Structures are given as C-alpha cells and as structure tokens.
Chemist: 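Structure provided below as structure tokens; questions to follow.
Values in this document were obtained by computation on a predicted structure and should not be read as measured data.
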Amino acid sequence: MKKIIAIACMAWLALAGAWADNISAENITLQAGGTKTVDISLTNTETNLVGFQMDLTLPDGISINKSGCSLSSRFSDPDQTLTIGKQGDNVYRLTSTSYALTPISGTSGTLLTLSLTASGNSAGGTATLSNIRFVTSNSERVTMSDASFNINMAISFADANVKALCVQNWDTDGDGELSEDEAAAVTDLGTVFKGNTTITSFDELQYFTGLTSIGNEAFKGCTGLTSVTIPEGVTSIGESALRECSGLTSINIPESVTSIGKWAFFQCSKLTSVTIPNSVKSIGLSAFYLCSKLTSVTIPNSVTSIGNAVFSHCLSLTSITVENGNSYYVSEDGVLFNKNKTTILCYPAGKTQSTYAIPESVTDIRPYAFDSCRSLTSITIPSSVTSIGNNAFDNCSGLTSLIIPEGLTSIGNGAFRGCSGLTSVTIPSSVTSIGDYAFEECSGMTSIKVGIESPLTINSATFTFNNRANATLYVPKGSKAAYLTANYWKEFKAIKEFPDSDVNQDGEIDMVDVVDIARFVVGIPAETFEEFLADLNSDDDVNVADAVVLINEIVGDVNFAKPHNAPHQDLGDERLTLTENGDHSLSVSMESQRDYTAFQFDIYTNSEDDVMGLRLNTARKNGHQLIYNKVDEGHYRMVALSVANNTFKGNNGELLNIQLDGVNTDDVTVGNIHFITTDGTDYRFDDISLSSATGIGSLTPDSSEKGSKNIYDLGGRKVSKSSALQKGVYIVNGKKFIVK
C-alpha cells in the first residue's frame with residue numbers, strides 16, 4: 001500500500017513539474033540571406049535536470065547553422081555537448097546529456113543558443129519546439145508543453161536613410177531592424193518623411209500593409225525620392241501627399257485607391273506616366289499640377305469627380321483619354337469636357353496646334369482649363385460661354401488674338417495672367433465682374449476695348465501691366481466722360497469712344513477713312529488706322545461692310561449698328577461659281593436676285609504658285625474699284641467697292657477675273673466671301689473651288705443652255721444672239737461652256 005502511494009505521489013510531482021516548468025524563446029527578425037541567434041530559455045522547478053531532448057520545426061527557408069549553436073553556462077559539465085540531428089525537411093532534434101549526472105544550474109535563464117539562417121526567398125513564420133523531454137539524475141522523465149516563437153523577416157531597404165527613419169519610428173522590439181510584421185502594424189506614416197531631401201527610394205513601403213491612406217503631406221518636399229511603392233489596401237492618397245517630389249519618375253497607384261487628394265502629385269516635374277486605376281472615384285484640385293514631363297493620361301470610367309486645374313501646367317501633356325466616358329468626354333483632339341460638353345475642363349498644354357475653337361455647347365470654362373497652352377495663338381470663345389474661371393488662360397504667352405463674346409458675365413481672377421503676346425482685348429457689355437489680376441503681366445497689351453457704358457469698380461491690379469500709361473482705352477459712345485473720372489480707368493494714356501467713323505483719327509470723316517478700311521481689310525493698313533474704331537456695324541469684325549456703312553454716312557444715309565447677317569439659308573437661287581477659262585485664268589461669277597454694292601474674297605492657291613493679277617469685269621463695274629494684297633504665301637485678299645455706293649451692273653455673269661502664273665487651278669479656292677448690299681447688310685457665301693460641276697461644258701446647237709438670254713463672253717459682254725456664237729468659251733447662267 002505504501003509503495004502504491006509513493007508511486008502516486010511521484011506521478012503527481014512529475015505532473016506538477018510539467019505544469020510549472022516551461023520552454024520559451026523571444027521572437028526574432030531575420031534578413032533574407034542573413035543569420036541571427038535566438039536564446040531558448042528554461043524556467044524549471046526541478047533542480048536535478050541533467051539532460052534534454054526536443055524537436056525544433058522551422059519555417060520554410062530557415063535552417064540551423066550548427067556551428068553557431070551552443071549550450072548556455074547553466075551547463076557546468078565541461079564534457080556535456082549539444083547534438084543536432086535532422087528528422088525531416090524542416091525538423092531538427094536537439095539533445096544533450098551529462099553522463100556525469102551534473103545538474104543544470106539555476107531554475108531560470110537561457111538554456112541554449114541557436115544560430116538560424118534565412119534563405120534569400122524565405123518569408124519567415126512560426127518556429128515550434130515540441131516533444132520536449134528532460135531527464136533527472138534519478139532517470140526520471142519530465143515533459144513540458146510545446147513552445148513557439150516567430151521568425152519575422154527583416155525588410156531589406158535599398159536606402160539606408162529610409163531604413164534609419166523606419167527603425168527609429170517603428171522598431172518595436174529594438175533589434176535595429178524593421179520586420180514585415182512591424183511595418184504591417186503601422187497605420188499612419190504621419191510626417192516622418194516630410195521635407196527629407198536625402199531619401200531616394202522607398203519601394204519597401206509596400207510592406208506597410210496596415211496603411212489605409214498615404215496621409216496629408218506624408219512625402220511633401222522629398223525632392224530626392226525617385227520611386228515609391230504604395231501598398232495594396234491604401235484607399236486614399238491625401239492632400240499634398242507626394243507634392244514637390246520632383247525626382248519621382250513613375251508611380252503605381254494600386255487598385256484599392258478610391259480618391260486622390262488635392263495637390264497630391266503637385267510639381268512632380270519628372271513624372272512621365274501615371275496609371276489611374278478603375279477604383280478611383282475622385283481626383284482633387286491641382287492633383288497633377290506642374291507635372292511638366294507627363295505626356296499622356298488615361299482617366300477610367302470610375303472617376304466621377306475631377307477638381308479644377310488637375311493637369312494644369314503639364315507642358316508635355318498632349319492627350320487625355322477617357323475610358324467609356326460615362327462621366328466625362330474627350331474630343332477627337334484630346335480636350336477634356338464634362339459629360340454634356342457644357343464645361344471645358346482641360347486643354348492639354350503640350351498640344352502644338354496654334355488655334356482652337358471652343359464648341360458652342362460650352363457655357364463654362366473651368367479654372368486653369370488652358371493654363372500654359374503656349375502654342376495657342378488664337379482662341380475662339382463662342383457666345384454660349386457665360387463665365388471664364390480663375391486662371392483659365394494663365395500663362396498662354398503665345399496668345400495674340402482674343403475676342404470675348406457678348407453674353408459672357410464674369411472673368412475670373414488671373415484669367416489671362418501672363419498672356420504677354422496679347423496686344424489688345426475686347427470686353428463686351430455683358431460682363432459684370434472682372435477678377436483680380438485678370439490681365440496681370442500682359443506686358444504687350446496696348447489697347448483695351450470695353451463695351452460697358454458705366455465703368456466697373458475693379459481692383460487696381462486687375463489690368464496690371466507696366467505700360468498702362470502708354471495704352472489706349474476704347475469705350476462706348478457717350479461714356480468717355482465717366483471713364484475719365486473713374487478710379488484706375490482714368491490712368492490710361494488715352495480714352496477714345498467707339499465706333500468712330502474717323503478711323504484714322506485725322507479729324508476728318510471722308511473717303512480717306514473708307515480707303516483706310518479697305519487697306520486694313522486686305523492687310524496693308526495705314527499707320528494711323530485704328531481697328532477698334534472701325535467696326536461701324538458692330539459685328540465684331542472689320543470688313544468691307546464697314547466701308548459701305550461709312551460711305552452711307554458720308555453721302556448722308558447713316559447705317560450704323562447694322563446687325564451681322566450671314567443668311568446662308570436665305571440666299572435662294574443665288575449661285576457663286578469658280579470656273580476656268582481658255583486662257584487659264586479663273587472667273588468668279590454670280591447669279592443673283594439681289595443688288596450688291598461691294599464684295600470681299602480670300603483667294604488660296606498652292607504656295608508654290610502665284611496670282612499675277614485681279615480684274616473686275618468691265619461690263620459689271622459701276623464705278624467700282626478693286627484693292628488687293630498678298631497676305632501670305634498662297635493667300636490673297638481683295639475688296640471691291642464703289643465710293644458712290646453703286647451696285648454692280650446686272651445680276652449674272654463674271655464679276656472677277658483671276659490671272660494665274662503656273663498655278664494648278666485644281667488647287668485654287670475662294671473663301672471668306674462677303675457680299676454687301678447698299679444698306680450695309682453683309683451676306684456670307686460658302687467657299688467655292690473648281691469641280692466637275694463648274695468645269696467646261698459643251699454648248700451644242702441642241703443644248704438647252706443655248707437658248708438662254710444670259711450668255712456672256714469672257715470679257716463680261718452679253719451676247720445678244722446665241723445663234724451668232726463663234727468658237728470659244730462663254731459664261732451661261734454662271735457656268736462655263738465651250739463652242740467647238
């Protein structure tokens with residue numbers, strides 16, 4: 001009975017030892033390809049433990065470096081050694097016994113030290129100590145519970161400066177390394193890196209998987225940063241997150257990101273490409289402003305909100321692409337609009353075209369829409385536009401021509417700032433507000449035409465340009481006195497009222513002014529001519545119609561403010577044709593039910609060819625005179641008018657003969673065609689050119705044309721009898737025919 005009790009007590013003691021005794025080890029961090037030691041500790045109640053046996057299971061890619069393993073000083077038997085054997089791919093058996101039965105000293109502390117090595121592709125993991133058995137000097141077995149420790153992989157940083165900052169802020173175990181687990185535990189970068197100009201790369205940011213956002217100004221001003229990898233799981237890139245990272249050449253935005261904050265990539269001047277994933281719903285104000293090397297951008301269908309100036313000052317940007325286009329629209333020439341084309345959002349600054357006509361569907365030009373479009377020399381703003389946003393045309397230094405249409409009500413702050421090529425601007429009467437600095441740094445501007453009768457109250461900086469004292473202000477008739485006393489406006493060199501029939505400002509209204517208008521129209525204006533004064537019919541275009549209005553005034557029939565009239569649809573049976581004559585000259589002929597007193601044409605030829613002369617048909621002249629000029633290579637402009645305001649004789653036949661020299665007549669086009677009636681009404685005709693429809697037909701005895709009463713020879717003389725026609729070329733009802 002006593003023996004049974006003794007055995008039971010011993011069993012209980014052994015069991016109690018298993019509960020109280022334990023093996024433990026601290027977590028360690030290993031670098032890929034590196035070696036590190038880990039201490040295995042023992043807390044025990046038994047004092048006569050002389051040996052042990054345990055199995056160590058390591059994660060894939062981790063192995064024991066036997067030469068670096070050792071027993072601790074708790075083993076006082078000098079002959080006691082550590083034996084390491086392999087039980088499987090990742091399982092090692094550790095054994096040690098003192099055959100002299102020398103107990104392990106102490107009841108706690110390090111038992112042994114293991115040296116572990118990580119392969120280059122190891123991901124780390126959990127190491128497990130199992131099958132743990134100790135033996136006493138009495139040959140008794142003491143078992144212990146399994147134990148485990150984590151082997152974290154240290155992040156291998158390419159940039160030592162980045163590593164130092166990461167270790168300083170997030171190395172929670174104090175081992176001088178940042179493990180992937182430590183990185184994953186970070187939820188906010190704060191401004192640890194803000195303004196640091198020494199860091200160069202941070203692709204290891206991908207291990208910071210606990211981040212849901214790259215916070216405001218996280219990397220602002222890191223000018224040396226060339227690459228960074230944003231981890232999956234980040235949903236937002238905050239305000240100015242990578243602002244002024246001028247060394248950044250590319251950025252990969254993960255599919256998890258739904259919003260890009262304002263100024264997020266502001267002035268990332270070496271960023272050449274960016275892929276915006278389908279997850280992104282909003283892009284904030286000026287997000288890619290001043291990304292001067294960015295050449296193209298694709299906006300996914302997921303984006304429903306784009307802030308102002310998103311791609312402003314992107315001087316290399318030549319195209320914007322929108323996938324599907326449910327929320328936004330991109331025209332064939334790469335200009336970004338809202339879905340309904342009522343708002344123009346961005347004109348790519350890198351485009352090289354010199355002129356652009358804004359579609360008539362547009363009512364609003366967003367801030368910075370044309371910012372730094374330096375190649376644009378001319379912009380056509382339709383009357384549908386009611387507002388021009390802040391800095392809309394900022395720094396468009398090549399812009400030389402600008403007419404702001406009637407109907408526009410507001411011009412935003414800095415709207416045309418830095419448009420140094422502008423020499424003049426017209427502000428219509430509909431404008432009710434002009435923002436601060438609207439025309440700042442427009443250093444070339446010498447004249448401003450304002451259609452507003454009562455001077456607007458504006459900030460003195462609105463038209464800031466140094467030569468204001470040398471510039472002329474043109475104001476509506478009857479409002480000069482008000483402008484002469486209005487703050488700021490009174491500071492212009494001169495204030496003149498428009499329209500003013502004295503277009504050359506010589507103190508006389510006479511035929512010299514008429515001639516000066518004609519000279520201006522063909523491109524050889526007199527030095528004293530003032531275009532702003534010469535729009536006598538107020539159609540925002542100085543042409544031969546204004547000369548007719550002036551003639552009427554001089555002869556006593558005043559026709560000011562005639563409405564602009566271009567009734568293509570109301571021309572009825574009127575026809576204008578261009579035909580080739582037998583002597584290789586060309587005839588511009590007309591069939592008309594209306595009497596005209598003047599006309600204006602542009603003639604376009606192959607630039608290698610030339611026009612030797614233009615001649616009015618003598619049979620149709622009625623005191624009319626012709627003036628013309630070579631505007632450019634292959635471009636001629638001409639005006640025909642009567643100083644007595646007479647109409648052309650007859651309503652059919654050749655009006656103008658064009659003499660050619662080596663010109664391929666197939667390359668000749670007549671365009672910008674105006675015909676003006678005696679009351680100053682301006683009728684516009686479509687361009688004409690040679691075609692099979694206007695070529696030479698055959699006039700035979702049985703052709704219906706031969707019975708016409710409107711047959712003319714090439715000199716414009718009417719042929720009285722068709723039966724008397726000789727061989728040659730004739731104009732019949734405005735068409736050219738040949739008699740063989």
Side-chain angles (χ1 to χ4, degrees), residues 403 423-429 444-455 463 467-486 488-562 597-598 600 623-629 637 639-646 676 678-680 682:
I403 296 177
T423 57
S424 63
V425 66
T426 298
I427 299 173
S429 61
M445 198 176 295
T446 57
S447 60
I448 295 175
K449 180 181 179 183
V450 179
I452 307 165
E453 292 184 355
S454 298
F463 290 100
N467 60 335
R468 183 165 71 245
N470 298 315
T472 300
L473 176 66
Y474 297 88
V475 299
K477 273 192 177 299
S479 60
K480 179 177 178 179
Y483 279 90
L484 282 171
T485 58
Y488 181 81
W489 299 103
K490 63 185 179 183
E491 299 173 16
F492 282 85
K493 175 189 73 172
I495 300 178
K496 298 181 180 181
E497 293 183 338
F498 69 86
D500 187 344
S501 301
D502 185 10
V503 297
N504 56 20
Q505 295 287 284
D506 66 354
E508 299 285 342
I509 300 174
D510 53 19
M511 285 302 169
V512 177
D513 297 295
V514 176
V515 172
D516 278 351
I517 292 176
R519 289 183 61 188
F520 169 78
V521 171
V522 299
I524 48 174
E527 252 182 63
T528 56
F529 178 79
E530 297 214 33
E531 179 185 359
F532 276 123
L533 304 179
D535 184 14
L536 301 180
N537 62 4
S538 301
D539 67 351
D540 293 325
D541 181 25
V542 176
N543 56 40
V544 70
D546 297 295
V548 172
V549 170
L550 182 54
I551 290 170
N552 283 335
E553 181 181 359
I554 292 170
V555 300
D557 182 13
V558 180
N559 282 284
F560 280 110
K562 276 290 180 183
T597 182
Q600 173 184 328
H624 291 83
Q625 299 178 49
L626 180 69
I627 181 171
Y628 65 91
N629 178 50
R637 178 167 292 165
V639 166
L641 74 164
S642 162
V643 295
N645 217 9
N646 295 332
I676 293 86
T678 55
D679 66 356
D682 182 359

Chemist: Quick one: does Arg637's side chain have a donor or acceptor within less than 3.5 Å of a partner on Tyr628's backbone?
Modeler: no
Chemist: Between Asp535 and Asp541, what is the shortest heavy-atom contact and its length?
Modeler: OD1-O, 3.6 Å
Chemist: Assess whether side chain to side chain contact (heavy atoms under 4.5 Å, CB included) is satisfied between Val450 and Leu473, documenting all intermediate values.
Modeler: CA-CA 7 Å; Val450 179; Leu473 176 66; 3.7 Å; yes
Chemist: State, to 0.1 Å, how close Asp513 and Glu508 come at their nearest heavy-atom pair, and which atoms those are.
Modeler: OD2-O, 2.8 Å
Chemist: Measure the shortest side-chain to side-chain distance between Thr423 and Met445 over non-hydrogen atoms and say whether it is less than 4.5 angstrom.
Modeler: no
Chemist: Who passes side chain to side chain donor-acceptor pair (under 3.5 Å) against Ser429, sequence neighbours left out?
Modeler: Glu406
Chemist: Heavy atoms only: give me the nearest Val643-Met511 pair and the separation to one decimal.
Modeler: O-CE, 3.2 Å
Chemist: Any pair with a residue in residues 488-499 that passes salt bridge (charged side-chain N to carboxylate O under 4.0 Å, His left out), sequence neighbours left out, goes on the list, sorted by first then second residue, please.
Modeler: Arg468-Glu491, Lys496-Glu530
Chemist: Under 3.5 Å, side chain of Lys480 to main-chain N/O of Val475, donor-acceptor pair present?
Modeler: no
Chemist: Look up atom OG in Ser479 and atom CH2 in Trp489, then write down how far apart they are to the nearest 0.5 Å.
Modeler: 10.5 Å
Chemist: To the nearest 0.5 angstrom, please state how far the OG atom of Ser501 sits from the CD1 atom of Ile517.
Modeler: 8.0 Å
Chemist: Hey, what do you get for CG (Leu536) to CG (Leu550), rounding to the nearest 0.5 Å?
Modeler: 6.0 Å
Chemist: Hey, could you give me the CG/CD1 distance between Leu641 and Ile627, rounded to the nearest 0.5 Å?
Modeler: 9.0 Å
Chemist: I'd like to check the side chain to side chain donor-acceptor pair (under 3.5 Å) partners of Gln505; sequence neighbours left out, ordered by chain and number.
Modeler: Asp500
Chemist: For the residue pair Ser447 and Ala471, what are the closest heavy atoms and their distance?
Modeler: N-CB, 4.5 Å
Chemist: Between Thr678 and Asn645, do the side chains contain a donor N or O and an acceptor N or O under 3.5 Å apart?
Modeler: no
Chemist: For Phe498, is the NZ or CZ atom of Lys449 found under 6.0 angstrom from the centre of its six-membered ring and inside 45 degrees of the ring axis?
Modeler: yes
Chemist: Under the 3.5 angstrom rule, does the side chain of His624 hit a backbone N or O of Ala598 as a donor-acceptor pair?
Modeler: no
Chemist: Kindly compute the distance separating CG (Asp506) from CG (Asp516), expressed to the nearest 0.5 Å.
Modeler: 8.0 Å
Chemist: Mind checking ring pair (Phe, Tyr, Trp, His ring centres under 6.0 Å) for Phe532 and listing every partner two or more places apart, or none if nothing turns up?
Modeler: Tyr474
Chemist: Mind telling me whether Tyr488 and Phe492 have parallel, tilted or perpendicular rings, with 30° and 60° as the class edges?
Modeler: perpendicular
Chemist: Could you pull out all residues at least two apart from Phe529 that satisfy ring pair (Phe, Tyr, Trp, His ring centres under 6.0 Å)?
Modeler: Phe520
Chemist: Please name all residues satisfying side chain to side chain donor-acceptor pair (under 3.5 Å) with Asp502, sequence neighbours left out, ordered by chain then number.
Modeler: none
Chemist: Looking at CG of Asn470 and OG1 of Thr446, how far apart are the two atoms once the value is rounded to the nearest 0.5 Å?
Modeler: 9.5 Å
Chemist: Any side-chain to backbone donor/acceptor pair from Asn537 onto Asp546? Under 3.5 Å, distance only.
Modeler: no
